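Both counts, for ligands and for their atoms, begin at 1 and track the order of listing. Please read these numbers as outputs of a predicted model, since none were measured by experiment. What you see below is based on every heavy atom in this structure, not just the backbone, and it leaves out hydrogens, waters and symmetry mates.
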Amino acid sequence: MKIIAANWKLNKSPNQARAFLKAFKERYKNSSSQQVLFFPPAVSLEATANALAGTSFGFGFQNTCFENKGAFTGENSAEMGRELGAQYALVGHSERRSLFEETSQQINKKLLNLQALGVTPIHCIGETLEDRDQGRTKETLRRQLESEHQGISKTKLLVLAYEPVWAIGTGRVASLEQIAEAHFFIQSLCPESLILYGGSVKPENSKDILNVKFVGGLLIGGASLEVDSLLQICESDSSR
Ligand code: PGA
């Protein structure tokens, strides 16, 4: 089973989400060995939930608060999202870490909270270009996993996403060898988790990436914004 996850980032209003999902549902050919997930902006979550009602597609938050309710102005609650049927949440995306100064301690609290709620986190990790150039890729991945997984169940309700920071939104995709090496390493530390790859995935490279050992699916930003390209990526999955 591969996961194809569309991270819309700060794109698609409720109306745009509805229009996209209507077109996507009409053209997607169902497969029991592929799970497609959508991560709209929180303001479009309810439109997404309604558009996906009765389908096999899943959806969730791009970010959630580590608490479920209270005095946390501007935050979103995974517990409240569950009421709409949200079963997933991205955690620790590199844009959250770099632009919003999210720390490993906060990420750990978010993971703990989501697992306690029965919501599956997609925990994003990855090295910067500086880490890679200085030969610190594995050290960085290990450090993120060790500090962010304290108290976390590794056997259930945990999906990982390897996203090299230098490959996100840059058009610069990691080589198949770099992906294979990182996924092998992460899988050795988290043997039971599915590990998605993310970073400049496009219809032109998705088939080869999906065929790399220990790649359990894809987390897609830019190329998930058009129905055609997301469908092409879904169809490039030769295991479906
Ligand atoms: P990208 O984004 O596909 O646009 O590189 C991936 C991500 O940020 O999850």
Side-chain angles (χ1 to χ4, degrees), residues 2-12 16-17 20 24 34-42 44-45 48 57-64 76 86 88-102 107 110-111 114 120-129 131-132 137 140-141 144-145 148 158-176 178-179 182-183 186 193-210 212 215-237:
K2 303 261 195 211
I3 289 181
I4 306 290
N7 174 14
W8 285 346
K9 308 193 179 187
L10 193 48
N11 297 288
K12 300 211 185 290
Q16 290 167 335
F20 180 102
F24 187 84
Q34 185 178 72
Q35 172 75 67
V36 182
L37 306 177
F38 292 93
F39 293 90
S44 299
L45 205 67
T48 299
F57 304 117
F59 63 94
F61 284 103
Q62 296 172 12
N63 176 42
T64 52
N76 289 301
Y88 296 85
L90 304 183
V91 180
H93 188 278
S94 81
E95 287 151 19
R96 301 290 323 160
R97 295 176 191 257
S98 65
L99 302 173
F100 302 99
E101 289 165 23
E102 203 163 286
I107 291 167
K110 291 179 184 195
L111 292 171
L114 290 166
T120 301
I122 299 186
H123 177 206
C124 305
I125 58 171
E127 80 286 0
T128 62
L129 190 56
D131 292 328
R132 179 160 284 277
T137 298
T140 302
L141 297 174
Q144 288 175 335
L145 289 172
E148 293 165 17
L158 181 65
V159 173
L160 292 163
Y162 169 60
E163 297 205 304
V165 177
W166 48 272
I168 296 177
T170 58
R172 198 178 148 187
V173 69
S175 71
L176 298 179
Q178 287 170 327
I179 296 172
H183 279 246
I186 297 166
S193 299
L194 206 61
I195 308 164
L196 315 185
Y197 170 79
S200 296
V201 174
K202 304 270 175 303
E204 299 76 49
N205 57 28
S206 56
K207 185 178 176 42
D208 289 342
I209 297 173
L210 281 166
V212 173
V215 170
L218 302 170
L219 181 55
I220 308 151
S224 74
L225 295 175
E226 299 296 332
V227 173
D228 279 348
S229 56
L230 185 60
L231 277 171
Q232 282 170 38
I233 291 171
C234 292
E235 283 161 17
S236 74
D237 174 2

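- Between E163 and R97, no side-chain nitrogen of the basic residue sits less than 4.0 Å from a carboxylate oxygen of the acidic one, so the salt-bridge criterion is not met.
- Listed by chain and number, residues touching ligand 1 at under 4.0 Å (heavy atoms only) are N7, K9, H93, E163, A167, I168, G169, G199, S200, L219, I220, G221, G222.
- Note: F38 and F20 have perpendicular aromatic rings, judged against thresholds of 30 and 60 degrees for the angle between ring planes.
- Panel note: side chain D131, backbone T128; a donor-acceptor pair is recorded below 3.5 Å.
- The number of heavy-atom neighbours closer than 6.0 Å to CG of L99, taken from other residues, nucleotides and ligands shown, is above 12.
- Between T48 and F57 there is no side-chain heavy-atom pair separated by less than 4.5 Å.
- No side-chain heavy atom of P121 sits less than 4.5 Å from a side-chain heavy atom of F61.
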